[in-house]
Amino acid sequence: MPELPEVEIVKRGLAELIIGLKIKEVDSSWHKSFQASKTDTAQFLLGAKIISVRRRAKVLIIDLDSKYSLVIHLKMTGQLVLRSDAAVFGAGHPNDSLVAKLPDRSTRVVITFDQGKLFFNDQRKFGWIKLLPTIEIPNIDFFKKVGPEPLASDFKSVDFVERFKRKQNSLIKAALLDQTVIAGVGNIYADESLWAAKIHPSNKVKDVSDAKLKLLFEELKFVLKLSIEKGGSTDKNYVNAEGKKGSYLSFARVFRRENQPCPRCGTTIEKIRVASRGTHICPKCQR
DNA sequence: CACTTGACCTGTCCGC
DNA sequence: TGCGGACAGGTCAAGT
């Protein structure tokens, strides 16, 4: 779930809800979920105020006034959900019912603010929160290698085509999922955009024309924007910072729609494996 | 080097 | 119902 649109939605929600709050306490029940030394936590996290929330690729960054930041990756099943004071004290806050059961058995980290608590839930424990000096973030390996943001206004289709050209022998789907080629695309939006551009995901990049690559770029931007509008995709786990689900999957054309008719030609959608990922295609439209 | 596969985890679903 | 195995939206390290 958490691909670019989902992380963007969480970012926007958190920016509304937690900027200005002061961190009072942090508890973690799984060592990999919260990675920070005791001394850094005491010195740069506890007592710090949140000054901004950012996203780069599928990574969230919460900047603190201590010149440190919480860097967060939700991976497959991570959730970041805020429970406000009103909810804590049972005053009928709008997200009361959504957060009433928190913490639950998948809660890995709880950050307590002067008002409210932020829960990091992560069923599969793949996600993580790290405390790092803000200035060091661009130097971590992932950020040094990650490709451009597909929705950045200065990222043009010629740049998109040029970056794919460097992956001539990769399968087009593998290249789309490769974060060093382009940031933020995961399995859902890879399948959706390849269907829209009528490209078979098993095609090698070198066998896809420039015109098709440009079309793919346009369709990718379209599905990413549509999903952000719809609050992201919720299959099982994804929720936003208020604990609410996204509705993009009800607009999806192929993802999780195996055995249903292709919305373009009516052919039955198939689920296959490409680049060792579950992959949804229309066998007639995509060749 | 470029590219693919396995590992990290828990939970669920499917077939026997 | 019970049990084994495959699979799930992401990313690295290790392998070919």
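Labels below follow one simple rule: chain letters A, B, ... track the order of the sequence lines, proteins then strands, and each chain is numbered from 1. These figures come from a predicted structure and were not determined experimentally.
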Test item: A:Lys212 and A:Ser209 side chains (from C-beta on) under 4.5 Å apart, heavy atoms: yes
pi-stack flag for A:Phe126 and B:dC8, centroid dist under 5.5 Å, interplanar under 30°: yes
Parallel, tilted or perpendicular, as decided by the 30° and 60° cut-offs, for the rings of A:Phe44 and A:Tyr68: parallel
Length of the CZ-C1' vector between A:Arg55 and C:dG10, whole Å: 15 Å
Donor-acceptor under 3.5 Å (A:Arg55 side chain, A:Ala57 main chain): yes
Distance below 4.0 Å between A:Lys58 side-chain N/O and C:dT11 OP1 or OP2: yes
Which residue lies more 5' along DNA chain C, comparing A:Thr279 with A:Lys145 via nearest heavy atoms: A:Thr279
Side chain of A:Lys32 - closest among C:dG10, B:dC9, C:dC7: B:dC9
Side-chain donor-acceptor contact under 3.5 Å, A:Ser28 with A:Ser33: no
Sugar-phosphate, base or nothing in reach of A:Trp30, heavy atoms under 4.0 Å: sugar-phosphate
Distance test, side-chain N/O of A:Arg273 to OP1/OP2 of C:dA8, below 4.0 Å: yes
Complement of C:dA8, any strand, by Watson-Crick or G-U distances under 3.5 angstrom: B:dT10
Residue whose nearest DNA chain C nucleotide is more 5′ - A:Ser276 or A:Phe142: A:Ser276
Whole-Å distance separating the OH atom of A:Tyr238 from the P atom of C:dA8: 21 Å
Check: A:Asn139/A:Lys144 side-chain N/O donor and acceptor closer than 3.5 Å: no
Minimum-distance nucleotide (side-chain atoms of A:Met76 versus C:dA8, B:dG11, B:dC9): C:dA8
Closest to the A:Gln179 side chain, choosing from C:dT11, C:dG10, C:dC7: C:dT11
Nucleotide nearest A:Arg124 when distance is taken to its side chain, options B:dC9, C:dT11, B:dG11: B:dC9
Residue A:Gln123, side-chain heavy atoms: nucleotide from C:dT11, B:dG11, B:dC3 that is nearest: B:dG11
Minimum-distance nucleotide (side-chain atoms of A:Lys167 versus B:dC3, B:dC9, C:dG10): B:dC3
Length of the line joining A:Lys75:NZ and B:dC9:P, which is rounded to integer Å: 11 Å
Given C:dT11, C:dC7, B:dT5, the nucleotide with the shortest approach to the side chain of A:Lys271: C:dC7
Sugar-phosphate, base or nothing in reach of A:Gly278, heavy atoms under 4.0 Å: sugar-phosphate
Between A:Phe217 and A:Phe222, ring centroids under 6.0 Å: no
Touch class at under 4.0 angstrom, heavy-atom based, for A:Lys204 against every strand present: nothing
Below 4.0 Å: OP1/OP2 of B:dT10 and any side-chain N or O of A:Arg105: no
OP1 or OP2 of C:dT11 under 4.0 Å from side-chain N/O of A:His73: yes
